[in-house]
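Beneath this line is the structure, given in structure tokens, with notes to follow.
Just so you know, these numbers come straight off a predicted model, no measurement behind them.
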Amino acid sequence: MRRKLLVALLAAGFAAGVQAQNVKIGIVTFLSGPAAAPFGVPAKNSAELVVEALNAGQVPAPYAKKGFGGATIETVILDEAGTTTTQVTEFRNLVQKHNVDLVVGYVSSGNCLAIAPVAEELKKFTNFFDCGTPRIFEDAAYKYVFRTSPTATMDSVGAALYVMDVKRNLKSIAGLNQNYAWGQDSWGDFELAMKALVPGIEVKTSQMPQLFAGQYNAEISALLGAKADVIHSSFWDGDLEAIILQGGPRGLMKSSLTILTTGETAMHKLGKQIPDGTVLGARGPFGPYAPNNAYNKWYHAGYIAKYKEEPNYASYQMAQAILGVKLAWEKAMEKNGGKRPSNEEVGAALENMSFEGPGGTVKMALGKGHQAIMETAYGQTKLSGGKLTLVNVKRYPAEKVNPPEGVKSADWIKSGFKSK
């Protein structure tokens, strides 16, 4: 009896030891609510795909080593829905109750702004995979907080450069954006960028309806009446679908060159309803704009095989967030002689690092090495053989659509995109 008990205790101790060697990652994204379908669930799917492949050692080099430095990856996946107060509480639970080694997450800029100081307080390595506000590293400095995706500044500056390239003698612009921080900031940056590129450009109208209003007939009428050369919209999810379904039949996208900065998330669902010539963005070189490299070949094929649908930009951002942290983890291990790295060592390894992923080159170039920059791309829709394609694709280097280190985005745009 004693022998059996001793064997059981030894087995339990061995299991606990193995468990302790695993790397536990907290994954936070929207699993419910309006942001779940376009961003949250695709990101969760991506996390599961990437973790599964890493644990099996099935990702191209330099990601080929199993797990994180040979340690199996576990995940604790949480829903980002709810207030920022709720998210702060859940973050503390991830760290103090679930004992995660690091956190990868957050779509909402409001949540990122709330979580960043808490991550710093708890000294927990945290990598934001999506949220767009540049304020995180422009208004504060962090040791434990990173973001391996570009900010929304790139979206607006890239959009301005694109419409300048494809629309000759551009004289007027108009906007249709949601009346909250994301919509206001997206339009504000685009308007500033256009005024820097075309001094004296006329703003015909800026429509700012309530978030998820659903019906936009009045706004569409105002835009049609304005007859602007270009219409800018950062609508997403149901609002994005609504403007396509309500504005398309009324000729909105035909009357003005219309640029939908997050339009890629709707192209597979509503491809046949998007009028030819509409400009779609994917918040970087993701989805249809992703490069033909080994990482994208592996990732794109794996995602379609597992989920029977195309990965969108949120999926790509999650994938590169996990892959970037893996490289940093293993770089830190190598530096300290193969020992399990601390949060501080992983952070030091990720600072100023450049790496390749399914979306191409990621440079941790801003925020003292904590904020990524990437190139971006835009193209115009064309329905061919019943399938939506993108033509007239133009790419803009990372340094052309992101401010230099130490310069705030708004100041950089106002300066006419001057480097230091």
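- Looking at L257, L161, I259 one by one, the single match for side chain to side chain contact (heavy atoms under 4.5 Å, CB included) with V166 turns out to be L257.
- Residue pairs meeting the disulfide bond (SG atoms under 2.5 Å apart) criterion with at least one partner in residues 283-391, sequence neighbours excluded, are absent.
- Contact check on E351 versus K368 returns no salt bridge, with no Lys/Arg side-chain nitrogen under 4.0 Å from an Asp/Glu carboxylate oxygen.
- Judged as a ring pair (Phe, Tyr, Trp, His ring centres under 6.0 Å), and not counting sequence neighbours, F355 has no contacts.
- Residues D229 and K171 are not paired through a salt bridge, judged by the lack of any N-O separation under 4.0 Å between the basic side chain and the carboxylate.
- Side-chain contact of Y378 with N392: a donor-acceptor pair under 3.5 Å is absent, judged by distance alone.
- Within the structure, side chain to side chain donor-acceptor pair (under 3.5 Å) contacts touching residues 96-107 (residues at least two apart or in different chains) are D101-R340.
- A 4.5 Å side-chain heavy-atom check between Y316 and N296 finds at least one atom pair inside the cut-off.
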task = Begin with the C-alpha distance, continue with both residues' side-chain angles, and end with the deciding distance and a verdict on side chain to side chain contact (heavy atoms under 4.5 Å, CB included) for V76 and I25.
result = CA-CA 6 Å; V76 179; I25 304 176; over 6 Å; no
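- E330 is linked by a salt bridge (Lys or Arg N to Asp or Glu O under 4.0 Å) to K326, counting only residues two or more places apart in sequence or in another chain.
- Judged as a disulfide bond (SG atoms under 2.5 Å apart), the pairs with a partner in residues 125-192 (not counting sequence neighbours) are, in order, C112-C131.
- Aromatic rings from Y295 and Y299 are positioned such that their centres are separated by 6.0 Å or more.
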message = I'd like to know whether F128 forms a side chain to side chain contact (heavy atoms under 4.5 Å, CB included) with I115, so could you lay out the CA-CA distance, the side-chain angles of the two residues, the decisive distance to 0.1 Å, and finally the verdict.
response = CA-CA 10 Å; F128 296 142; I115 292 296; 4.1 Å; yes
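- A donor atom on one side chain and an acceptor atom on the other are not found under 3.5 Å apart for T72 and E74.
- Counted by atom type alone, N111 and Q87 present zero donor-acceptor pairs between their side chains at under 3.5 Å.
- The two residues P341 and M333 make their nearest non-hydrogen contact at CD-CG, 3.4 Å.
- With hydrogens and angles left out, the side-chain atoms of N177 and Q207 include no donor and acceptor closer than 3.5 Å.
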request  = Run the numbers on N45 and Y303 for side chain to side chain contact (heavy atoms under 4.5 Å, CB included), then give the verdict.
outcome  = CA-CA 8 Å; N45 290 346; Y303 194 98; 3.6 Å; yes
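- Between K408 and E138, none of the side-chain N atoms (NZ, or NE/NH1/NH2) sits under 4.0 Å from a carboxylate O, so this pair counts as no salt bridge.
- Between D130 and R283 there is a salt bridge, with a side-chain nitrogen of the basic residue lying less than 4.0 Å from a carboxylate oxygen of the acidic one.
- The shortest heavy-atom contact between P285 and E375 is CD-O, 3.0 Å.
- Taking 4.5 Å as the limit, every side-chain heavy atom of L260 sits out of range of all side-chain heavy atoms of H232.
- Relative orientation of the F39 and Y313 rings is tilted, given thresholds of 30° and 60° on the angle between their planes.
- Residues satisfying the salt bridge (Lys or Arg N to Asp or Glu O under 4.0 Å) test with E399, not counting sequence neighbours, are K363.
- When the salt bridge (Lys or Arg N to Asp or Glu O under 4.0 Å) test is applied to E191, the partners found at least two apart in sequence or on another chain are K195.
- In terms of heavy-atom proximity, W182 sits nearest to A152 at CZ3-CB, 3.6 Å.
- Under the 4.5 Å side-chain criterion, counting only non-hydrogen atoms from C-beta, K44 is not in contact with I27.
- Put simply, the side chain of T205 reaches to within 4.5 Å of the side chain of L223, judged on heavy atoms.
- Residues S234 and W187 are not in side-chain contact: their nearest non-hydrogen atoms beyond the backbone lie 4.5 Å or more apart.
- With respect to R92 and E121, a salt bridge is recorded, a charged nitrogen being found less than 4.0 Å from a carboxylate O.
- Using a 30° and 60° split on the angle between ring planes, Y396 and Y162 fall in the perpendicular class, above 60°.
- No hydrogens or angles considered: a donor-acceptor pair under 3.5 Å links the side chains of D239 and Q178.
- Shown here are the side chain to side chain donor-acceptor pair (under 3.5 Å) partners of T86, two or more places apart in sequence or in another chain: T83.
- Neither side chain, Y289 nor T376, offers a donor N or O lying under 3.5 Å from an acceptor on the other.
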request  = Dump the intermediate steps for side chain to side chain contact (heavy atoms under 4.5 Å, CB included) on Q246 and I220, then the final yes or no.
outcome  = CA-CA 8 Å; Q246 295 170 27; I220 291 168; 3.7 Å; yes
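- S315 and S46 share no donor-acceptor pair across their side chains, judged by distance under 3.5 Å alone.
- You'll find the side chain of E120 reaches within 4.5 Å of the side chain of V145, heavy atoms only.
- Side-chain contact check for L102 versus F68: some heavy-atom pair is nearer than 4.5 Å.
- A donor-acceptor pair under 3.5 Å is formed between the side chain of R250 and the backbone N or O of N217.
- Between F125 and W329, the ring centre distance reaches or exceeds 6.0 Å.
- Of all heavy-atom pairs spanning P403 and T153, the tightest one is CD-CG2, 4.4 Å.
- Counting heavy atoms from C-beta outward, T265 and D237 have side chains that stay 4.5 Å or more apart.
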When the side chains of residues 54-64 are checked against the rest of the protein, which donor-acceptor pairs come out under 3.5 Å, sequence neighbours left out?
unit_1	atom_1	unit_2	atom_2	d
N55	OD1	I73	N	2.8
N55	ND2	I73	O	3.1
Y63	OH	E356	O	2.4

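- Applying the side chain to side chain donor-acceptor pair (under 3.5 Å) rule to D411 yields no partners; only residues at least two apart in sequence or on another chain are considered.
- By the 4.0 Å N-to-carboxylate-O rule, K306 lies close enough to E52 to be salt-bridged with it.
- Applying the side chain to side chain donor-acceptor pair (under 3.5 Å) rule to T84 yields no partners; only residues at least two apart in sequence or on another chain are considered.
- Nearest approach of A266 to L240, heavy atoms of both residues: CB-CD2, 3.6 Å.
- With sequence neighbours excluded, the residues forming a salt bridge (Lys or Arg N to Asp or Glu O under 4.0 Å) with E202 are K204, listed by chain and number.
- Of all heavy-atom pairs between M267 and L390, the closest is CE-CD1, 4.2 Å.
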